[in-house]
Amino acid sequence: MAPIPKTMPGILIEENGGVEVLKWKTDIPVPQLKDGEILVKNEFIGVNYIDTYFRTGLYKAALPLITGKEAAGTVVASSAAGFKEGDRVAYLGDHAYAQFTAVPVARVVHVPDGIDMQQAAAALLQGLTALTFIREAANLKLKSSASSAGENAPWVLVHAAAGGTGSQFIQLLNSFHAKVIGTAGSAEKCKLAKDNGAGWVIDYSKEDVVSKVKEITGGHGCDVIFDGVGKATFDMDLEMIALKGTLISFGNASGPAGPVEILRLGAKNIKLMRPVLFNYILTKEEWEEYSSQLLDFIKTGKVNIKIHEVYPLQEVGRAHSDLEGRKTTGKLLLKL
Ligand code: NDP
(Lines give C-alpha, C1' and ligand atoms only; values in the text may rest on other atoms or scores of the structure.)
Protein backbone atom coordinates (compact mmCIF):
# COMPACT_ATOMS: atom_id res chain seq x y z
CA MET A 1 0.00 0.00 0.00
CA ALA A 2 1.27 3.50 -0.89
CA PRO A 3 2.70 5.51 2.04
CA ILE A 4 0.26 7.91 3.71
CA PRO A 5 1.12 11.54 2.89
CA LYS A 6 1.31 14.29 5.51
CA THR A 7 -1.15 16.57 3.72
CA MET A 8 -4.17 15.97 1.52
CA PRO A 9 -6.70 17.70 -0.71
CA GLY A 10 -10.18 18.47 0.58
CA ILE A 11 -12.89 21.09 1.05
CA LEU A 12 -12.61 23.56 3.90
CA ILE A 13 -15.30 25.93 5.23
CA GLU A 14 -13.71 28.93 6.98
CA GLU A 15 -16.92 30.98 7.28
CA ASN A 16 -20.62 30.17 6.91
CA GLY A 17 -22.41 31.19 3.74
CA GLY A 18 -23.33 30.21 0.19
CA VAL A 19 -21.58 27.64 -1.95
CA GLU A 20 -18.66 30.03 -2.43
CA VAL A 21 -17.43 29.23 1.12
CA LEU A 22 -16.67 25.61 0.08
CA LYS A 23 -12.95 26.11 -0.59
CA TRP A 24 -10.74 23.55 -2.33
CA LYS A 25 -7.39 23.16 -0.48
CA THR A 26 -4.48 20.88 -1.21
CA ASP A 27 -2.53 21.19 2.04
CA ILE A 28 -4.92 19.98 4.74
CA PRO A 29 -3.09 17.88 7.38
CA VAL A 30 -3.97 14.18 7.17
CA PRO A 31 -5.71 13.32 10.49
CA GLN A 32 -3.80 11.46 13.21
CA LEU A 33 -5.43 8.22 14.37
CA LYS A 34 -6.75 7.86 17.91
CA ASP A 35 -7.40 4.52 19.61
CA GLY A 36 -10.44 2.79 18.17
CA GLU A 37 -10.23 4.66 14.87
CA ILE A 38 -9.40 3.73 11.30
CA LEU A 39 -8.03 5.96 8.57
CA VAL A 40 -10.10 5.64 5.39
CA LYS A 41 -9.01 6.72 1.92
CA ASN A 42 -12.36 7.93 0.62
CA GLU A 43 -13.41 6.63 -2.78
CA PHE A 44 -16.96 8.05 -2.98
CA ILE A 45 -18.33 10.66 -0.57
CA GLY A 46 -22.08 11.02 0.02
CA VAL A 47 -23.71 14.46 -0.20
CA ASN A 48 -26.60 15.07 2.22
CA TYR A 49 -28.87 18.00 2.84
CA ILE A 50 -27.36 18.29 6.33
CA ASP A 51 -24.05 19.28 4.67
CA THR A 52 -25.78 22.44 3.41
CA TYR A 53 -27.00 23.27 6.96
CA PHE A 54 -23.40 23.10 8.26
CA ARG A 55 -22.27 25.25 5.32
CA THR A 56 -24.89 27.95 5.92
CA GLY A 57 -24.65 27.81 9.71
CA LEU A 58 -28.25 26.62 10.29
CA TYR A 59 -26.54 23.80 12.22
CA LYS A 60 -23.54 25.02 14.24
CA ALA A 61 -20.00 23.62 14.13
CA ALA A 62 -16.59 25.05 14.99
CA LEU A 63 -14.78 26.64 12.02
CA PRO A 64 -12.70 25.96 10.02
CA LEU A 65 -14.68 22.84 9.17
CA ILE A 66 -14.32 19.91 6.79
CA THR A 67 -17.94 18.85 6.51
CA GLY A 68 -19.40 15.62 5.04
CA LYS A 69 -21.08 12.85 7.00
CA GLU A 70 -20.48 9.66 5.02
CA ALA A 71 -18.25 7.92 2.51
CA ALA A 72 -17.00 4.57 1.31
CA GLY A 73 -13.36 3.72 0.75
CA THR A 74 -10.39 1.62 1.78
CA VAL A 75 -8.78 1.31 5.22
CA VAL A 76 -5.18 2.58 5.01
CA ALA A 77 -4.36 2.45 8.75
CA SER A 78 -6.13 0.95 11.74
CA SER A 79 -5.92 1.24 15.51
CA ALA A 80 -9.13 -0.74 16.00
CA ALA A 81 -9.85 -4.44 16.29
CA GLY A 82 -11.76 -5.99 13.39
CA PHE A 83 -10.48 -3.64 10.68
CA LYS A 84 -7.22 -3.95 8.72
CA GLU A 85 -5.47 -2.21 5.84
CA GLY A 86 -7.14 -2.92 2.52
CA ASP A 87 -10.66 -3.54 3.95
CA ARG A 88 -13.52 -1.98 1.96
CA VAL A 89 -15.67 0.04 4.35
CA ALA A 90 -18.50 2.56 4.49
CA TYR A 91 -19.07 4.85 7.42
CA LEU A 92 -21.07 7.61 9.04
CA GLY A 93 -18.77 10.20 10.56
CA ASP A 94 -17.45 13.72 10.28
CA HIS A 95 -15.06 15.44 7.88
CA ALA A 96 -15.72 13.23 4.82
CA TYR A 97 -15.13 15.98 2.21
CA ALA A 98 -11.42 15.10 1.95
CA GLN A 99 -9.04 12.44 0.67
CA PHE A 100 -8.62 10.77 4.08
CA THR A 101 -10.93 10.63 7.12
CA ALA A 102 -10.28 9.22 10.60
CA VAL A 103 -13.39 7.38 11.76
CA PRO A 104 -14.35 5.77 15.08
CA VAL A 105 -15.30 2.18 14.21
CA ALA A 106 -18.60 2.39 16.09
CA ARG A 107 -20.17 3.70 12.88
CA VAL A 108 -18.29 1.66 10.26
CA VAL A 109 -19.40 -1.35 8.24
CA HIS A 110 -17.47 -3.70 5.99
CA VAL A 111 -18.87 -3.45 2.48
CA PRO A 112 -20.07 -6.94 1.64
CA ASP A 113 -19.38 -8.64 -1.69
CA GLY A 114 -22.24 -7.86 -4.04
CA ILE A 115 -22.51 -4.20 -3.04
CA ASP A 116 -20.48 -1.74 -5.10
CA MET A 117 -18.72 1.25 -3.58
CA GLN A 118 -21.13 3.81 -5.03
CA GLN A 119 -24.13 2.07 -3.45
CA ALA A 120 -22.16 1.71 -0.20
CA ALA A 121 -21.30 5.43 -0.10
CA ALA A 122 -24.91 6.34 -0.95
CA ALA A 123 -26.66 4.05 1.48
CA LEU A 124 -26.05 4.76 5.11
CA LEU A 125 -27.21 8.22 6.15
CA GLN A 126 -30.39 8.38 4.10
CA GLY A 127 -31.17 4.64 4.27
CA LEU A 128 -30.71 4.37 8.02
CA THR A 129 -32.82 7.49 8.48
CA ALA A 130 -35.62 5.88 6.50
CA LEU A 131 -35.26 2.48 8.15
CA THR A 132 -35.05 3.67 11.76
CA PHE A 133 -37.88 6.15 11.31
CA ILE A 134 -40.10 3.51 9.67
CA ARG A 135 -39.41 1.01 12.45
CA GLU A 136 -39.00 3.13 15.57
CA ALA A 137 -40.67 6.49 14.98
CA ALA A 138 -43.67 5.16 13.02
CA ASN A 139 -43.63 1.64 14.47
CA LEU A 140 -44.55 0.09 11.11
CA LYS A 141 -44.31 -3.68 10.78
CA LEU A 142 -42.57 -5.79 8.13
CA LYS A 143 -44.99 -7.56 5.81
CA SER A 144 -45.15 -11.25 6.56
CA SER A 145 -44.26 -13.28 3.48
CA ALA A 146 -47.90 -14.31 3.04
CA SER A 147 -49.47 -10.87 3.28
CA SER A 148 -49.38 -7.89 0.98
CA ALA A 149 -50.31 -4.33 1.99
CA GLY A 150 -53.98 -5.16 2.41
CA GLU A 151 -56.97 -2.88 2.84
CA ASN A 152 -56.32 -2.47 6.57
CA ALA A 153 -52.69 -1.32 6.14
CA PRO A 154 -51.98 2.22 7.38
CA TRP A 155 -51.81 5.11 4.92
CA VAL A 156 -48.22 6.40 4.85
CA LEU A 157 -47.17 9.58 3.05
CA VAL A 158 -43.57 10.51 2.16
CA HIS A 159 -42.76 14.06 1.03
CA ALA A 160 -39.92 14.71 -1.46
CA ALA A 161 -40.33 11.08 -2.46
CA ALA A 162 -37.81 11.24 -5.33
CA GLY A 163 -35.02 12.73 -3.21
CA GLY A 164 -32.19 10.77 -1.64
CA THR A 165 -33.94 9.98 1.64
CA GLY A 166 -37.40 9.88 0.04
CA SER A 167 -36.33 7.28 -2.56
CA GLN A 168 -34.99 4.97 0.13
CA PHE A 169 -38.16 5.52 2.22
CA ILE A 170 -40.37 4.46 -0.70
CA GLN A 171 -38.28 1.39 -1.57
CA LEU A 172 -38.04 0.26 2.07
CA LEU A 173 -41.76 0.80 2.66
CA ASN A 174 -42.47 -1.79 -0.06
CA SER A 175 -41.40 -4.38 2.52
CA PHE A 176 -43.57 -2.94 5.31
CA HIS A 177 -47.29 -3.13 5.97
CA ALA A 178 -48.28 0.24 4.44
CA LYS A 179 -50.19 1.89 1.62
CA VAL A 180 -47.71 4.44 0.33
CA ILE A 181 -48.34 7.89 -1.11
CA GLY A 182 -45.38 9.92 -2.39
CA THR A 183 -45.29 13.64 -3.09
CA ALA A 184 -42.72 15.32 -5.35
CA GLY A 185 -42.17 18.54 -7.27
CA SER A 186 -42.46 17.45 -10.93
CA ALA A 187 -43.99 14.80 -13.19
CA GLU A 188 -40.57 13.22 -13.71
CA LYS A 189 -39.97 13.00 -9.94
CA CYS A 190 -43.45 11.53 -9.41
CA LYS A 191 -42.68 8.87 -12.02
CA LEU A 192 -39.49 7.91 -10.17
CA ALA A 193 -41.43 7.61 -6.89
CA LYS A 194 -44.02 5.44 -8.63
CA ASP A 195 -41.31 3.27 -10.24
CA ASN A 196 -39.79 2.86 -6.77
CA GLY A 197 -43.08 1.43 -5.49
CA ALA A 198 -45.31 4.28 -4.32
CA GLY A 199 -48.92 3.23 -4.85
CA TRP A 200 -50.05 6.83 -5.36
CA VAL A 201 -48.12 9.99 -6.21
CA ILE A 202 -49.00 13.67 -5.95
CA ASP A 203 -47.17 16.46 -7.78
CA TYR A 204 -47.21 19.19 -5.11
CA SER A 205 -45.95 21.78 -7.57
CA LYS A 206 -49.39 21.56 -9.28
CA GLU A 207 -51.91 19.61 -7.24
CA ASP A 208 -53.78 20.44 -4.04
CA VAL A 209 -52.17 17.83 -1.78
CA VAL A 210 -54.76 17.95 1.02
CA SER A 211 -57.75 17.34 -1.23
CA LYS A 212 -55.87 14.74 -3.27
CA VAL A 213 -55.02 12.83 -0.07
CA LYS A 214 -58.66 13.02 0.98
CA GLU A 215 -59.67 11.52 -2.36
CA ILE A 216 -57.01 8.77 -2.33
CA THR A 217 -57.69 7.70 1.27
CA GLY A 218 -61.49 7.98 1.03
CA GLY A 219 -61.52 10.78 3.62
CA HIS A 220 -59.43 8.86 6.18
CA GLY A 221 -56.21 10.92 5.91
CA CYS A 222 -52.61 9.75 6.50
CA ASP A 223 -51.86 7.54 9.49
CA VAL A 224 -48.16 8.38 9.15
CA ILE A 225 -46.45 11.31 7.42
CA PHE A 226 -42.67 11.46 6.89
CA ASP A 227 -41.81 15.11 6.21
CA GLY A 228 -38.25 16.19 5.39
CA VAL A 229 -39.42 19.31 3.54
CA GLY A 230 -40.40 21.27 6.69
CA LYS A 231 -41.72 24.80 6.45
CA ALA A 232 -43.56 24.48 3.11
CA THR A 233 -45.48 21.30 3.97
CA PHE A 234 -45.97 21.31 7.75
CA ASP A 235 -49.33 23.08 7.80
CA MET A 236 -50.79 20.78 5.18
CA ASP A 237 -49.53 17.82 7.23
CA LEU A 238 -51.66 18.95 10.18
CA GLU A 239 -54.66 19.12 7.88
CA MET A 240 -54.26 15.75 6.18
CA ILE A 241 -53.08 13.65 9.12
CA ALA A 242 -55.65 11.02 10.17
CA LEU A 243 -57.23 10.80 13.61
CA LYS A 244 -54.51 9.47 15.99
CA GLY A 245 -51.96 9.81 13.18
CA THR A 246 -48.18 10.14 13.62
CA LEU A 247 -46.56 13.19 12.04
CA ILE A 248 -42.79 12.77 11.73
CA SER A 249 -41.16 16.07 10.82
CA PHE A 250 -37.47 15.39 10.25
CA GLY A 251 -35.95 18.04 8.01
CA ASN A 252 -35.71 21.60 6.77
CA ALA A 253 -35.25 21.46 2.98
CA SER A 254 -37.64 24.44 2.62
CA GLY A 255 -36.73 25.92 6.04
CA PRO A 256 -37.48 24.74 9.59
CA ALA A 257 -41.10 23.76 10.32
CA GLY A 258 -43.22 25.44 12.95
CA PRO A 259 -43.49 26.84 15.54
CA VAL A 260 -46.58 24.77 16.27
CA GLU A 261 -49.44 25.71 18.58
CA ILE A 262 -49.62 22.59 20.77
CA LEU A 263 -53.40 22.87 21.09
CA ARG A 264 -53.66 22.09 17.35
CA LEU A 265 -52.58 18.51 18.11
CA GLY A 266 -55.69 17.93 20.23
CA ALA A 267 -58.02 18.24 17.25
CA LYS A 268 -57.04 14.73 16.10
CA ASN A 269 -54.89 13.37 18.98
CA ILE A 270 -51.87 13.76 16.71
CA LYS A 271 -48.49 12.33 17.71
CA LEU A 272 -45.86 14.83 16.57
CA MET A 273 -42.18 13.81 16.44
CA ARG A 274 -38.92 15.47 15.37
CA PRO A 275 -36.47 12.56 15.36
CA VAL A 276 -32.75 12.54 14.50
CA LEU A 277 -31.11 9.44 13.03
CA PHE A 278 -28.15 9.40 15.40
CA ASN A 279 -30.34 8.88 18.47
CA TYR A 280 -31.57 5.58 16.98
CA ILE A 281 -28.07 4.19 16.36
CA LEU A 282 -26.32 5.05 19.63
CA THR A 283 -25.54 1.51 20.81
CA LYS A 284 -23.41 -1.13 19.07
CA GLU A 285 -26.44 -3.42 18.93
CA GLU A 286 -28.60 -0.74 17.26
CA TRP A 287 -25.86 0.10 14.75
CA GLU A 288 -25.27 -3.54 13.85
CA GLU A 289 -28.96 -4.40 13.61
CA TYR A 290 -29.98 -1.47 11.42
CA SER A 291 -26.87 -1.32 9.21
CA SER A 292 -26.94 -5.06 8.48
CA GLN A 293 -30.68 -4.96 7.73
CA LEU A 294 -30.17 -2.03 5.34
CA LEU A 295 -27.26 -3.73 3.56
CA ASP A 296 -29.41 -6.86 3.18
CA PHE A 297 -32.15 -4.79 1.53
CA ILE A 298 -29.53 -3.48 -0.93
CA LYS A 299 -27.86 -6.83 -1.51
CA THR A 300 -31.18 -8.49 -2.30
CA GLY A 301 -32.13 -5.69 -4.73
CA LYS A 302 -35.09 -4.46 -2.65
CA VAL A 303 -33.32 -1.12 -2.40
CA ASN A 304 -31.39 0.10 -5.42
CA ILE A 305 -30.10 3.64 -4.97
CA LYS A 306 -30.26 5.82 -8.07
CA ILE A 307 -27.07 7.87 -8.33
CA HIS A 308 -27.95 11.33 -9.63
CA GLU A 309 -24.36 12.29 -10.48
CA VAL A 310 -20.82 11.67 -9.27
CA TYR A 311 -19.33 15.18 -8.96
CA PRO A 312 -15.58 15.86 -8.74
CA LEU A 313 -14.89 16.89 -5.12
CA GLN A 314 -13.64 20.25 -6.44
CA GLU A 315 -17.16 20.85 -7.84
CA VAL A 316 -18.92 20.32 -4.52
CA GLY A 317 -20.40 23.83 -4.82
CA ARG A 318 -22.28 22.74 -7.95
CA ALA A 319 -23.53 19.65 -6.08
CA HIS A 320 -24.87 21.82 -3.22
CA SER A 321 -26.49 24.24 -5.69
CA ASP A 322 -28.18 21.40 -7.56
CA LEU A 323 -29.46 19.85 -4.31
CA GLU A 324 -30.76 23.14 -2.91
CA GLY A 325 -32.15 24.09 -6.33
CA ARG A 326 -34.33 20.91 -6.40
CA LYS A 327 -32.57 19.77 -9.57
CA THR A 328 -31.68 16.31 -8.29
CA THR A 329 -33.25 12.91 -7.74
CA GLY A 330 -31.71 10.08 -5.74
CA LYS A 331 -28.18 10.40 -4.38
CA LEU A 332 -25.34 12.82 -5.12
CA LEU A 333 -21.79 11.54 -4.70
CA LEU A 334 -18.38 13.24 -4.73
CA LYS A 335 -15.10 11.75 -5.95
CA LEU A 336 -11.53 13.00 -5.80
P1 NDP B 1 -33.18 15.38 -0.96
O2 NDP B 1 -32.42 14.58 -1.95
O3 NDP B 1 -34.51 14.87 -0.52
O4 NDP B 1 -33.33 16.84 -1.52
C5 NDP B 1 -34.26 17.73 -0.95
C6 NDP B 1 -35.60 17.71 -1.69
O7 NDP B 1 -36.53 18.44 -0.92
C8 NDP B 1 -35.55 18.39 -3.05
O9 NDP B 1 -35.12 17.55 -4.08
C10 NDP B 1 -37.00 18.81 -3.23
O11 NDP B 1 -37.75 17.78 -3.86
C12 NDP B 1 -37.53 18.95 -1.77
N13 NDP B 1 -37.80 20.35 -1.47
C14 NDP B 1 -39.03 20.86 -1.19
N15 NDP B 1 -38.98 22.17 -0.99
C16 NDP B 1 -37.69 22.53 -1.15
C17 NDP B 1 -37.03 23.78 -1.09
N18 NDP B 1 -37.68 24.93 -0.81
N19 NDP B 1 -35.70 23.79 -1.31
C20 NDP B 1 -35.03 22.67 -1.57
N21 NDP B 1 -35.62 21.45 -1.66
C22 NDP B 1 -36.95 21.38 -1.45
O23 NDP B 1 -32.26 15.63 0.32
P24 NDP B 1 -31.85 14.60 1.48
O25 NDP B 1 -32.41 13.28 1.16
O26 NDP B 1 -30.40 14.73 1.74
O27 NDP B 1 -32.60 15.19 2.76
C28 NDP B 1 -34.01 15.29 2.78
C29 NDP B 1 -34.45 15.86 4.11
O30 NDP B 1 -34.24 14.89 5.12
C31 NDP B 1 -33.69 17.10 4.52
O32 NDP B 1 -34.58 18.02 5.10
C33 NDP B 1 -32.73 16.57 5.57
O34 NDP B 1 -32.35 17.53 6.48
C35 NDP B 1 -33.58 15.49 6.21
N36 NDP B 1 -32.82 14.49 6.95
C37 NDP B 1 -32.99 14.43 8.31
C38 NDP B 1 -32.36 13.48 9.05
C39 NDP B 1 -32.60 13.39 10.51
O40 NDP B 1 -31.92 12.64 11.21
N41 NDP B 1 -33.56 14.13 11.07
C42 NDP B 1 -31.42 12.53 8.44
C43 NDP B 1 -31.36 12.62 6.98
C44 NDP B 1 -32.04 13.58 6.28
P45 NDP B 1 -39.08 18.20 -4.69
O46 NDP B 1 -38.62 19.07 -5.81
O47 NDP B 1 -39.65 16.91 -5.12
O48 NDP B 1 -39.94 18.96 -3.72
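Both ligands and their constituent atoms are indexed starting at 1 by order of listing.
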Exercise. List the steps and the verdict of side chain to side chain contact (heavy atoms under 4.5 Å, CB included) for Leu277 and Asn279.
Key: CA-CA 6 Å; Leu277 163 64; Asn279 291 326; over 6 Å; no

Could you check ligand 1 for N or O atoms lying under 3.5 Å from protein N or O atoms and list the pairs with distances?
unit_1: ligand 1; atom_1: 2 (O); unit_2: Gly164; atom_2: N; d: 2.8
unit_1: ligand 1; atom_1: 19 (N); unit_2: Ala253; atom_2: O; d: 3.2
unit_1: ligand 1; atom_1: 25 (O); unit_2: Gln126; atom_2: NE2; d: 3.2
unit_1: ligand 1; atom_1: 25 (O); unit_2: Thr165; atom_2: N; d: 2.8
unit_1: ligand 1; atom_1: 25 (O); unit_2: Thr165; atom_2: OG1; d: 2.6
unit_1: ligand 1; atom_1: 26 (O); unit_2: Tyr49; atom_2: N; d: 2.9
unit_1: ligand 1; atom_1: 26 (O); unit_2: Gln126; atom_2: NE2; d: 3.1
unit_1: ligand 1; atom_1: 32 (O); unit_2: Tyr53; atom_2: OH; d: 3.0
unit_1: ligand 1; atom_1: 32 (O); unit_2: Gly228; atom_2: O; d: 2.6
unit_1: ligand 1; atom_1: 32 (O); unit_2: Asn252; atom_2: N; d: 3.0
unit_1: ligand 1; atom_1: 32 (O); unit_2: Ala253; atom_2: N; d: 3.4
unit_1: ligand 1; atom_1: 34 (O); unit_2: Tyr53; atom_2: OH; d: 2.7
unit_1: ligand 1; atom_1: 40 (O); unit_2: Leu277; atom_2: N; d: 2.8
unit_1: ligand 1; atom_1: 41 (N); unit_2: Phe250; atom_2: O; d: 3.0
unit_1: ligand 1; atom_1: 41 (N); unit_2: Arg274; atom_2: NH1; d: 3.3
unit_1: ligand 1; atom_1: 41 (N); unit_2: Pro275; atom_2: O; d: 3.0
unit_1: ligand 1; atom_1: 46 (O); unit_2: Lys189; atom_2: NZ; d: 2.6
unit_1: ligand 1; atom_1: 46 (O); unit_2: Arg326; atom_2: NE; d: 3.1
unit_1: ligand 1; atom_1: 47 (O); unit_2: Gly185; atom_2: N; d: 2.8
unit_1: ligand 1; atom_1: 48 (O); unit_2: Tyr204; atom_2: OH; d: 2.4
unit_1: ligand 1; atom_1: 48 (O); unit_2: Arg326; atom_2: NH2; d: 2.8

Quiz item: In this structure, are over 12 heavy atoms from other groups packed under 6.0 Å from Glu15 atom CD?
Solution: no

Self-check item: Rounded distance [0.5 Å steps], OG1 in Thr132 versus CZ in Phe278
Solution: 10.0 Å

Quiz item: In chain order, what residues pass the side chain to side chain contact (heavy atoms under 4.5 Å, CB included) check against Lys335, with sequence neighbours excluded?
Solution: Glu43, Phe44, Val310

Quiz item: Can we call the ring centroids of Phe226 and Phe250 under 6.0 Å apart?
Solution: no

Quiz item: Does a side chain donor of either Gln126 or Thr129 reach within less than 3.5 Å of an acceptor in the other side chain?
Solution: no

